[in-house]
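Step one of this worksheet: look at the structure below.
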Amino acid sequence: MREQWAEAATGLVVILVAAVFLVYSLTVGGVGRKAGSYDVTARFGQVGALAPGAAVSVAGVKVGTVSEIRLDPKTFLAVTKLSLDPSVKLPADSTAKITSDSLLGGAHIAIAPGGAMEDLKPGSEIENTQGSVDLFGLIGQFLRPQSGQGAAGNAAAADAATSAPAPASQAAAAGNAAALPDF
Amino acid sequence: MSETTLASPAVLAPLRLLGRSTLSALRRVGSVAHFAARGVAAAATPPWFAGQLRRQLAAVGYFSLPVVGLTAVFTGAALALNIYTGGGRFNAEQVMPQIVALGITRELAPVLAALMLAGRVSAAIAAELGAMRATEQIDAMQTLSTDPFRYLVAPRLVAGVVMLPLLTVVADLIGVAGGWLVATRVLHFNPTVYIRNTMSFLQGWDVGSGLVKAAVFGFIVTLMGCFHGYNAKGGARGVGQATTHAVVSASVLVFAADYLLTSFFAHT
Amino acid sequence: MSTVPKLAWKGVHKRFEGAPVLDGLDLAVEAGRSLVIIGGSGQGKSVTLKVALGLMAPDAGEIALDGQDLVGLRGAARSKLFSRFGMLFQGAALFDSLSVWENVAFRLINADGVKRPAARQRAIEALERVRLGGEVADLYPGELSGGMQKRVGLARAVVATPEIIFFDEPTTGLDPITAAAINDLIVEQVRRLGCTAVSITHDLASARTIGDEIAMLNKGRIIWRGTPAELDRTDDPRVRQFVDGRPDGPLTDRR
């Protein structure tokens, strides 16, 4: 009989572990916000593989997380909310860029600080943004040049993405997005 | 009267053997099918024995949790490491969470849980029913106006079909948790990103197809235990043989059914 | 005989893997009488009982209960039939996972829909009738001796007052004192219920005690029938060999 109790107890432990993990997974969307962290927003033409929970970094150091991504129904831009470490103050003209660790994933936001005297206030918006670049779309553009499709500045990735295979089109561009507009 | 060489014993004997084995294999398949049909009929129509069903649900389901949990966590962890290595060859380590989750929910959780149950539950059922057969308890039950299919077999079949999907849900969660643990502690993945990527990638039918498989496997595992135990012949040796046959046939049928179901679901 | 026998085997044939076990068995027992079937091991005694009970189907022949053929009955009809029979199996065949009273009351709870408290009460009464006290009611079969298990098995067989009781080797494996006690209980219960009894045994002392009539089974047929007194006086060489317990004789001669 004691064996039965030991087994019953272990069974209970297993269920509890599974339940805890489930609850954790489901609530992860309300991503860990550090106490006192402040929010800023940034709008992008294309967020690519960026997902809530992704890191926000400055000079490669994580300073916050992406807490929300939603679509603005009027301008059709992706509005992201960045939850930043209160001890990090950024100049008001900083640039937010969506970049990734590798060809296929790890999308996060890198902030390049600007030179303004004032700091970004909580609730304000980062004006300069660069969305994720669709590498395959750009290659396609290069191979079949189309008029009126620049890849500079804030512009979204080309819709020539339709020629790219589905998983690849989700891929954020590798490395240094600033070089690509030279194509 | 001269016999043609075609009809000589040397030629006929192997053919006869082939014929006999084929017929006996067919007979075996037929008797399993007949047994399954009787079991399903007994489960589908009243009277039911709720007390027996409750006991079997606990025995098949709840008490299998430890072994299923252990299987799942180690499988998930090992799978994560392997997929990470493989993904690294394409510079695609970052999709590891998604691939691991897909592999677990569609294939590994239902199949491994079913195999663990084949060893544990199928053997136990075969031994119990086999011992009852050997001591004439099944005959006695019939003389007491109680259909052994309703009292013994149907509760076990229902318990298998109901419980293995539930066990698979637990295995899914714990398997992904195992992968997550390895990914975050050893491979330095971002914990929340891992979960988020997994959740947004997984589709309902990934988990659902795994549960459908689990229900089929649950039926197979309990059916084999019941069939071999109920028909055990001879004394202790017969019971031992019944147990072995139950485990082996349950495992083989699980693999066969897995292949069939996977190819059926592969494009859904 | 103008009365219909309670139970009759008519031309029953049964083969196992090609070898005949019952080879044209004809036997009948009148209502309220106790018939004992004797014979050597492997002569088909158990099969005779199982065919009569319906646990096995004969290859040919008829089993008539009150004149009605039972062979081929299925489902609800077969179930009703079982409620008219009781059987004490050779090893008692008690259910290991249930307590003694749950064993005795098994039919009441699972087939007759009697509620557990009432069933327990009737089970305890039945146990008392086989001289077992209420303290065994909550024990498990594994905790009982062979003799006690047989008594519980007997209680289970008679709790629902059957019309016919079958006994499969009731005293085999018991010491002489316990065997005598079981024989007495069988006689007492059969008389109390006024039912018909069919037993198989190779224990002649038991046969003489519990049987009104004795029939000998050899090579799948009945070769002799009579009262216990006639058994001791008979000239039939085969019966003589069995009764006297001689290793050599017509029963064991290979032909």
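Chain letters run A, B, ... following the sequence lines, proteins first and then strands; every chain starts at 1. Keep in mind that the numbers below use all heavy atoms, side chains included, and drop hydrogens, waters and symmetry copies.
- Residues Asp203(C) and Thr171(C) bring a donor and an acceptor atom of their side chains to less than 3.5 Å of each other.
- Proximity to chain C (any heavy atom under 4.5 Å) is restricted, for Met132(B), to the side chain, taken from C-beta onward.
- With a 4.5 Å cut-off on non-hydrogen atoms, Lys50(C) touches chain B through its side chain but not through its backbone.
- Of the inter-residue distances, the one linking Tyr140(C) atom OH with Asn103(C) atom CG reads 10.0 Å to the nearest 0.5 angstrom.
- Using modelled atom types, one finds a donor on one side chain and an acceptor on the other under 3.5 Å when comparing Asn183(C) with Ser206(C).
- Note: Tyr151(B) and Phe106(C) have perpendicular aromatic rings, judged against thresholds of 30 and 60 degrees for the angle between ring planes.
- Heavy atoms closer than 4.5 Å to chain B are found nowhere in Leu108(C), neither backbone nor side chain.
- Across all their heavy atoms, Arg151(C) and Ala181(C) have their closest contact at NH2-CB, 3.9 Å.
- Contacts of Thr135(B) with chain C are made by backbone atoms alone, with heavy-atom separations under 4.5 Å and no side-chain atom involved.
- Contact annotation for Asp96(C): both backbone and side-chain heavy atoms come within less than 4.5 Å of a heavy atom of chain B.
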